[in-house]
Protein chains: 2
Amino acid sequence: MRHRIALDAMGGDGAPLVPVQGAAEALREWPDAVEILLVGQPEALESLLEAEDVSGLRIIPASETVEMNEPPALAIRRKRDSSIAVGLGLVRSGEADAFISAGSTGAVMAGSLLFLRPLPGVERPPVGTIFPTSSGQTLVLDAGANVNCRPGHLQQFAHLGSVYMRDIVDIERPRVGLLNLGTEPGKGDELRVTAYRLLREDSGLNFVGNIEGDQIIRGACDVLVCDGFVGNVLLKFYESMAGFVTGVLGQAERPLTSGGLDEIFRFLDYAEYGGAPLLGVNGVSIICHGGSPPRAIRNAIGVAMRCVRFHMVSDMAAALALLAGTVTDA
Amino acid sequence: MRHRIALDAMGGDGAPLVPVQGAAEALREWPDAVEILLVGQPEALESLLEAEDVSGLRIIPASETVEMNEPPALAIRRKRDSSIAVGLGLVRSGEADAFISAGSTGAVMAGSLLFLRPLPGVERPPVGTIFPTSSGQTLVLDAGANVNCRPGHLQQFAHLGSVYMRDIVDIERPRVGLLNLGTEPGKGDELRVTAYRLLREDSGLNFVGNIEGDQIIRGACDVLVCDGFVGNVLLKFYESMAGFVTGVLGQAERPLTSGGLDEIFRFLDYAEYGGAPLLGVNGVSIICHGGSPPRAIRNAIGVAMRCVRFHMVSDMAAALALLAGTVTDA
């Protein structure tokens, strides 16, 4: 059965061209496994589609677009025929299996909460992002959806992240770490101290303790939980390293073999990792960078397909139901 | 006049050899400008000094050493003859102009607060660290001394950092940024929103607004203020990038010209930047990494000399007195 992926054709700096190209790349790569529902203005999309020689694309009309500078929550409530609202509506009604957008992050989050709703037991759906590490990859969450977190939120993030890394990245028993400024249990502020206790006592998690900033790149854990403030700062800082390192190498005024540069880019370029999932809502919703190239969109489609195929959402619902049960018993 | 730098000869992974070597490097570099007071156990130091053909070194006996795993505040109070306590005592009594240690960070901080005392108007002395950027360097503070910060603390950090960058790095009107997850004034939690207002209204600062994680490396500001939790995570993450990038280049299995690698190291290796000053105490106190090589110690001595020569501490006292005046008037 083909997975049906709703793609916001109007979101991102290069829309609608880039989403169309990314969709075409995905269809060429997985022709029998995916169907793309391009959500946007038909007149803008039809001419672009003529240039792409692929089948498996359908246009779903949406007359409005949420702009990047609009207040997200307000925009999503007012523009009911926006590509984001229509796309998420397709997931809610079961007409699509997943939604992907490179548009306004805030609007996709607000829309996902409004249309898909959080899973029972999830108070603050986090955004998860993959950090490439020297030994593989680490899911960092929350990456910016929730600035203020309570200890219980971090515990929920840990469960959501563990399911993601098991279902999508195929890690059987993901190691969960708590981002902190020391490794000892008493380190950090009240949030960290209490979260440490909750995580350690949670037998449903493979908790490996506090993780310091310099252990992330070394791959010290598979799931790293933190509040959305530090997660967001860290993510953006990391992404900016790719350009910085290239600049430094350029300044050396010695041409590098493209092999070396490619290698750095493969590790540091977010495009390779294809979007950040909003976790803990009742449906698959993936947020891409506004500056995503077609390749990032294609990769996000690949991630969405895995989320659907491996039943990520129902696995998360089960994990959270178990956690809620545990908490009630305590 | 020679500046007299008290150096903890017992602190750091390579003590006492590394501090002695770093001191010797500094004395060879600046023979007429610096005198080093090596604080530690004379019997351990004398034999090492014989190997170094330099003058301008004096041993100041200290019989005890604070171990890395000791509770810092307790250790500093109990071990009054530790190299850290004795070295800071020299600064307090005026026998030395600055103190440098690669020993227990916590003990140096606790000792600096106890022996040197915070300057009037400074509630929480922060640790400042230099981040190399694509266009120069940015002082990030606090880098870990204070996990919980109030908005007024960030404003004090901004003043201390501005004086540091003016006196030590020679930037006439340092641009101050507030680390945040968006550029708009209303972004972030209550701490960030209120700090933004305080910084914007402070005519004694050159405030350039909110700075996101990806703007740091681009050199968007000269002084970046943040709470010690995010600062610490970011600093350690950044430092770990040097090894990561080298590893990535190594995996490419194409030998790089040493020029390229050297260039990366020069930008990414903290050793080049020589220690992190604890700012806002009544004296110069510089904290080096436990793993510092002699070159890092030498560079820290260079930084300490600038702090003394340009009267950093009295400039900070003046800036904070002015701030306190402003606050009283308001």
Side-chain angles (χ1 to χ4, degrees), chain A residues 69 106 131-134 143-144 147-148 179-182 184 187-192 211-218 226-241 243-245 247-268, chain B residues 69 106 131-134 143-144 147-148 179-182 184 187-192 211-218 226-241 243-245 247-268:
Chain A
N69 55 358
F131 276 41
T133 68
S134 55
V147 174
N148 294 303
L179 185 59
N180 209 332
L181 38 60
E184 303 83 357
K187 282 284 178 178
D189 53 8
E190 212 184 301
L191 170 63
R192 263 42 80 153
I211 299 291
E212 292 186 79
D214 57 348
Q215 299 173 279
I216 303 171
I217 287 299
R218 292 170 195 149
C226 58
D227 65 80
F229 188 89
V230 64
N232 181 276
V233 165
L234 206 54
L235 167 68
K236 288 178 181 161
F237 185 74
Y238 191 21
E239 287 174 353
S240 71
M241 287 303 302
F244 179 58
V245 169
V248 170
L249 290 173
Q251 281 179 33
E253 282 184 4
R254 288 167 202 248
L256 282 169
T257 61
S258 67
L261 270 183
D262 284 355
E263 199 74 13
I264 295 177
F265 270 120
R266 196 163 69 75
F267 276 86
L268 293 183
Chain B
N69 55 359
F131 276 40
T133 69
S134 56
V147 174
N148 293 304
L179 185 59
N180 209 332
L181 39 58
E184 302 84 357
K187 283 285 178 178
D189 52 9
E190 213 182 302
L191 169 63
R192 263 41 80 153
I211 299 292
E212 293 187 77
D214 57 347
Q215 299 173 277
I216 303 171
I217 287 299
R218 292 171 195 148
C226 59
D227 66 79
F229 188 89
V230 64
N232 181 276
V233 165
L234 206 55
L235 167 68
K236 289 178 181 161
F237 184 75
Y238 191 21
E239 287 173 353
S240 70
M241 288 302 303
F244 178 58
V245 169
V248 170
L249 290 171
Q251 281 178 32
E253 283 183 7
R254 288 165 204 247
L256 283 170
T257 61
S258 65
L261 269 183
D262 284 355
E263 200 72 15
I264 294 176
F265 271 120
R266 195 161 70 74
F267 277 85
L268 294 183

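Heavy-atom basis, side chains included; hydrogens, waters and symmetry copies ignored. Letters A, B, ... mirror the listed sequences (proteins, then strands); counts begin at 1.
Atom NZ of residue B:K236 and atom CD1 of residue A:I217 lie 15.0 Å apart, to the nearest 0.5 angstrom.
Only the side chain of A:I216 comes within less than 4.5 Å of a heavy atom of chain B; its backbone N, CA, C and O stay farther away.
With a 6.0 Å radius and a threshold of 12 heavy atoms from other residues, nucleotides or ligands, B:E184 has its CD atom above the threshold.
Among A:D227, A:D189, A:V147, A:L181, the residue making the largest number of heavy-atom pairs under 4.5 Å with chain B is A:L181.
Listed here is the closest heavy atom pair of B:S240 and A:G213: OG-O, 4.2 Å.
Listed by chain and residue number, nothing satisfies the side chain to side chain donor-acceptor pair (under 3.5 Å) test with A:N148 (two or more places apart in sequence, or in another chain). Considering only residues two or more places apart in sequence or on other chains, B:N180 meets the side chain to side chain contact (heavy atoms under 4.5 Å, CB included) condition with A:F229, B:L178, B:K187, B:R192, B:N210.
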